[in-house]
Amino acid sequence: MENVVGRVHSVESFGTLDGPGIRYVLFLQGFPMRCAFCHNPDSWNMQGGEKVGSKDVVADILRYRNFIQKGGVTLSGGEPLMQPEFSASILEGCHENGLHTAVDTAGSVSLIHCRKAVDQADLLLLDIKAAKDELFRKITGRGMDNTLELLNHCENVQKPVWIRHVLVPGLTDGKDDLCALGVLLSRYACVERVEVLPFHKMGEYKWEALGVPYTLKDTPAADEEDVERARWLLKAYGLKVK
């Protein structure tokens, strides 16, 4: 593998929520969207984090090989596809050592810039903010063209995708919006499962530390009843929902 230098935000060496099994989760620096419910706004700045080579990253991953052998490695962020060469090199190194790989992405980067990294991954965890472009723009400040381009590519190459959708009361939990999401996702055979993630405010202090207004300050966390309702609506479209 080629040694590529990139920027790392943080590491979770024993992750259980970002793909199958126990996983080494590497959070990369940089994110082009400005999602209203982001819990890692400190990952937005491309010049933040720690500068490190991909060979050193893989060497650190292999220290945990006994724990993650039946799970794998997940690149998250931030947006790992903002550092496509760095991500691709790490994924290649993981494959050379027989480790399953996943990329947790919002699909915020054009495929023309990140296809190598996408194709290196065994699994994509695709965080779709909304199914309607108007709501997508309200949440992220950008349109959803890149996200749909990535999903279409996965369908064409039969790349497994797990969808992640954050349920925010009063923002992404509307019946019409959830039904639109169900209609959209039901068109894709590559979508193996859909995860409904309840909105929480554990990252609010990071917004305050950065001096950035937190527009969801008065929004309550999603409760289990909210989540179960969303799951029920999405299951009606033949989706495997968790």
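Basis for what follows: all heavy atoms, side chains included, without hydrogens, waters or symmetry-related copies.
Atoms CD1 and CG, on I163 and L184 in that order, are 8.0 Å from each other to the nearest 0.5 Å. The structure places CD1 of I61 at 11.0 Å from CG of D56, a figure rounded to the nearest 0.5 Å. Note: T140 OG1 to D133 CG = 8.5 Å, rounded to the nearest 0.5 Å. One distance of note links CD of E2 with CD of E92; it measures 8.5 Å at 0.5 Å rounding. With rounding to the nearest 0.5 Å, the separation of CG in L148 from CZ in F136 is 7.5 Å. L216 contributes atom CG, which lies 7.5 Å from atom CH2 of W207 (distance to the nearest 0.5 angstrom).
When the shell of 6.0 Å around CD of E134 is examined, it contains 12 or fewer heavy atoms from other residues, nucleotides or ligands. Annotation for E224: atom CD counts as buried by contact number, over 12 foreign heavy atoms lying within 6.0 Å.
Counting only N and O atoms by type, the side chains of T101 and D122 include a donor and acceptor under 3.5 Å apart.
Contact record, Y214 with H200: OH-O, 4.3 Å, taken as the closest heavy-atom pair.
No option in I139, L181, I128, V166 other than I139 meets the side-chain contact (heavy atoms from CB on, under 4.5 Å) test with T172. In summary, of the residues considered (C114, P84, P80), a side-chain contact (heavy atoms from CB on, under 4.5 Å) with V109 occurs for C114 alone.
Partners of S89 according to the side chain to side chain contact (heavy atoms under 4.5 Å, CB included) rule, which considers only residues two or more places apart in sequence or in another chain, are M1, V4, S54.
Q83 contributes a side-chain N or O that, together with a main-chain N or O of R7, makes up a donor-acceptor pair within less than 3.5 Å. Side-chain N or O atoms of K116 include none that pairs as donor or acceptor with a backbone N or O of E85 at under 3.5 Å. Without hydrogens or angle criteria, R193 side chain to W162 main chain gives no donor-acceptor distance under 3.5 Å.
Using a cut-off of 4.0 Å between Lys/Arg side-chain N and Asp/Glu carboxylate O, E192 and K242 are scored as not salt-bridged. Salt bridge present: K206 and D42 bring a charged side-chain N and a carboxylate O closer than 4.0 Å. Ion pairing of E208 with K217 is present here, as a side-chain N (NZ or NE/NH1/NH2) and a carboxylate O approach within less than 4.0 Å. Checked for salt-bridge contact, R63 and D60 meet the test: a charged N lies under 4.0 Å from a carboxylate O. Under the 4.0 Å criterion applied to side-chain N and carboxylate O atoms, R164 and D104 are assigned as salt-bridge partners.
Contact of the D127 side chain with the L125 side chain is not registered, since no non-hydrogen atoms from C-beta on lie closer than 4.5 Å. Using a 4.5 Å heavy-atom threshold, the side chains of F31 and P41 count as separate. Side chains of E79 and T105 form a contact here, defined as non-hydrogen atoms less than 4.5 Å apart. Taking 4.5 Å as the limit, some side-chain heavy atom of K132 sits within range of a side-chain heavy atom of D176.
In this pair, F67 and F14 present their aromatic rings perpendicular. The plane angle is above 60°, beyond the 30 to 60° band.
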